[in-house]
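No hydrogens, no waters, no symmetry mates; every other heavy atom, side chains included, goes into these values. As the structure lists them, so they are numbered: ligands from 1, and atoms in each ligand from 1. It should be emphasised that the depicted structure is a prediction, and the values quoted were computed from it without experimental measurement.
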Amino acid sequence: MLDVAIIGGGPAGLSAGLYTTRGGLKNVVMFEKGMPGGQITSSSEMENYPGVATVMDGMSFMAPWLEQCTRFGLKHEMSNVDRVAKNSDGSFSIYLEGGKVETAKAVIVATGSTPKRAGVKGEDEFFGKGVSTCATCDGFFYKNKEVAVLGGGDTALEEAEYLANICSKVYLIHRRDEFRAAPVTVEKAKKNPKIEFITNAKVDEIYGDATGVTGVKVALKDGSIRDLKVPGIFTFVGLNVRNEVLKDENGNFICDTLPAGQVRVNLKMQTNVPGLFAAGDLREDAPKQVVCAAADGAVSALSAMSYIESINKH
Ligand code: FAD
Ligand code: NAP
């Protein structure tokens, strides 16, 4: 039986792997369906991780993380986890795609989240090259430039405000003229002279060249097309939390979640199921930053080690 099974190999999962193995656990496996590194590997520039002064792409930034963990004995298995189940003896079963089943004393789920794609022409081609889903991360690259924001939820409106502090102008494009965002948030954004609202509008195309995005074509209600010559567009059309592994065979969650799917945890990253921990973007109130996910991973590892120590005593 594994001491700890870690599901997901982004910053949270890798940090959990580092802390569990360096803390002395011998049998820890991190299940990651793709290459380890997580979402940040799709970013062209990473410059806000404390202590790392060199700006680099997300892939280069994450490359040493696995190497560091394996030095302390973390085992990495490239597998997609279908689901996790708590057994009657207190252990967990980890059901892998393909039918294999592993058992573990404790489980750390760090499967992250994925920003929804808007489904606009050019969005995939220029993702990370002018199309972004993270204003905190990428807003600075557009200092004193004009940018577009797509979406009408709290994230879009709040991030438009954030970007307006950095950029010369923000075009807020929304497909309706009513907003999902809280009225007070909408009012605040409407009062901001640097934000221009373009409502009842649809982004038809994001276009560019080898340097990245150079503009966005917006279809207006009257049938005309407005061509915005912006070097960046931020799409905030909702998030998908990757919580599928926490559903049982009937599709019910095995631990407490919020209505939008984020996993409920306490400050030790414990879920309401003993021995089951959640870390990173997946958890409630996640700030969705690499440094925060890494910190969650470390906290969840320390908690899992305490949990294993307590069950070993009995
Ligand atoms: P993730 O990074 O999402 O990792 C989860 C991992 O779990 C993935 O590798 C996934 O393949 C794996 N996984 C999911 N389901 C399964 C399964 N069933 N079985 C096995 N494996 C599974 N943050 C910053 O701090 N600074 C930045 O500059 C920055 N820029 C960003 C730019 C972009 C384009 C994006 C998309 C995000 C950016 N972020 C940035 C946010 C940051 O990437 C996330 O907050 C962080 O990666 C979250 O880490 P995580 O470990 O919780 O989840
Ligand atoms: P969201 O509330 O789901 O809003 C997504 C927005 O994107 C909606 O306006 C939607 O338009 C639009 N949209 C969706 N698909 C689109 C597409 N394909 N093309 C164009 N537009 C599209 O997502 P969110 O803003 O990320 O918020 C997620 C959750 O977090 C919400 O519950 C939100 O309240 C919460 N949140 C809260 C705070 C806060 O309390 N301060 C801050 C941020 C987020 P329609 O409106 O027409 O559907």
Side-chain angles (χ1 to χ4, degrees), residues 6-16 30-50 55 57-58 61-62 65 77-84 94-97 109-120 123 127-129 131-141 149-159 173-182 184-185 199 201-203 234-246 258-262 278-283 285-294 296-297:
I6 299 168
I7 306 172
L14 285 161
S15 301
M30 182 183 79
F31 299 94
E32 164 58 58
K33 65 181 175 182
M35 287 300 291
Q39 292 170 56
I40 190 65
T41 56
S42 68
S43 171
S44 55
E45 280 176 299
M46 172 65 184
E47 66 172 8
N48 61 355
Y49 196 83
V55 179
D57 62 84
F61 175 79
M62 290 307 297
W65 290 45
E77 189 171 325
M78 197 183 271
S79 296
N80 185 60
V81 174
D82 281 339
R83 67 185 179 91
V84 174
I94 294 96
Y95 294 86
L96 306 176
E97 199 176 59
V109 181
T111 43
S113 70
T114 34
K116 284 183 192 161
R117 297 284 166 111
V120 174
E123 185 183 24
F127 196 81
K129 296 177 216 140
V131 178
S132 173
T133 51
C134 179
T136 326
C137 321
D138 298 331
F140 188 75
F141 302 126
V149 165
L150 177 63
D154 282 308
T155 308
L157 275 286
E158 287 183 4
E159 297 305 302
I173 306 161
H174 179 39
R175 61 188 179 187
R176 299 187 290 142
D177 58 5
E178 287 179 347
F179 291 84
R180 211 170 276 275
V184 62
T185 310
T199 53
K202 180 177 166 283
V203 173
F234 290 81
T235 58
F236 300 114
V237 296
L239 276 183
N240 290 323
V241 180
R242 286 162 156 166
N243 55 19
E244 298 80 7
V245 300
L246 292 166
L258 296 181
Q262 300 94 334
D281 274 17
L282 170 79
R283 67 143 168 110
D285 286 337
K288 300 196 171 63
Q289 292 288 289
V290 172
V291 65
C292 305
D296 278 7

Side-chain donor-acceptor pair under 3.5 Å between Ser132 and Asp138, yes or no?
->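 Yes, Asp138 and Ser132 have a side-chain donor paired with an acceptor closer than 3.5 Å.
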Just checking, any donor-acceptor pair under 3.5 angstrom between side chains of Gln39 and Asp281?
->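 The answer is yes; a qualifying pair exists.
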From [options] - option closest to [atom] by heavy atom:
{"atom": "atom 17 (C) of ligand 2", "options": "Glu123, Arg175, Arg176, Arg180", "result": "Arg175"}
{"atom": "atom 15 (N) of ligand 2", "options": "Val203, Val237, Thr185", "result": "Val237"}
{"atom": "atom 30 (N) of ligand 1", "options": "Gly38, Ala279, Cys137", "result": "Cys137"}
{"atom": "atom 46 (C) of ligand 1", "options": "Ile6, Asp281, Val291, Leu14", "result": "Asp281"}
{"atom": "atom 23 (O) of ligand 2", "options": "Ala118, Gly153, Ala260, Gly238", "result": "Gly238"}

Under 3.5 Å, is there a donor-acceptor pair between the side chain of [X] and the main chain of [Y]?
{"X": "Ser15", "Y": "Pro11", "value": "yes"}
{"X": "Thr41", "Y": "Gly38", "value": "yes"}
{"X": "Glu32", "Y": "Gly34", "value": "yes"}

Please determine whether any non-hydrogen atom of [X] lies less than 4.0 Å from an atom of ligand 1.
{"X": "Gly58", "value": "no"}
{"X": "Leu282", "value": "no"}
{"X": "Ser113", "value": "yes"}
{"X": "Ala110", "value": "yes"}

Return a yes/no value: protein heavy atom under 4.0 Å from [atom]?
{"atom": "atom 31 (C) of ligand 2", "result": "no"}
{"atom": "atom 25 (O) of ligand 2", "result": "yes"}
{"atom": "atom 7 (O) of ligand 2", "result": "yes"}

Shortest non-hydrogen contact from [X] toward [Y]:
{"X": "Val149", "Y": "Ala156", "answer": "CG1-O, 3.8 Å"}
{"X": "Ile40", "Y": "Met62", "answer": "CG2-CG, 3.4 Å"}
{"X": "Thr199", "Y": "Phe179", "answer": "CG2-CZ, 3.7 Å"}
{"X": "Ala181", "Y": "Leu157", "answer": "CB-CG, 3.9 Å"}
{"X": "Val203", "Y": "Leu150", "answer": "CG2-CD1, 3.9 Å"}

Please state whether the rings of Phe61 and Trp65 are parallel, tilted or perpendicular, taking 30° and 60° as the class boundaries.
->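 Correct class here is tilted.
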Answer yes or no: is there an ion pair linking Asp154 with Arg180, defined by an N-O contact shorter than 4.0 Å?
->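 The answer is no: the pair does not qualify as a salt bridge.
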Polar atom proximity, [X] to ligand 1 (N or O, under 3.5 Å):
{"X": "Gln289", "value": "yes"}
{"X": "Asn48", "value": "yes"}
{"X": "Gly34", "value": "no"}
{"X": "Lys33", "value": "yes"}

Only heavy atoms of [X], strictly under 4.0 Å: list the atoms of ligand 1 that pass.
{"X": "Ser79", "value": "19 (N), 20 (C)"}
{"X": "Gly9", "value": "6 (C), 7 (O)"}
{"X": "Met46", "value": "26 (N), 27 (C), 28 (O)"}

Above 12 or not: heavy atoms from other molecules or residues under 6.0 Å from CE of Met35?
->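 For Met35, atom CE is not crowded (no more than 12 foreign heavy atoms under 6.0 Å).
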His174 touching ligand 2 at heavy-atom level, < 4.0 angstrom =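 His174 counts as a contact of ligand 2 under the 4.0 Å cut-off.
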Side chain, backbone, both or neither: which part of Phe179 has a heavy atom under 4.0 Å from ligand 2?
->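 Neither; nothing of Phe179 gets under 4.0 Å from ligand 2.
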Side chain, backbone, both or neither: which part of Lys202 comes within less than 4.0 Å of ligand 2 when only heavy atoms are counted?
->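 Near ligand 2, Lys202 shows nothing, with every heavy atom at 4.0 Å or more.
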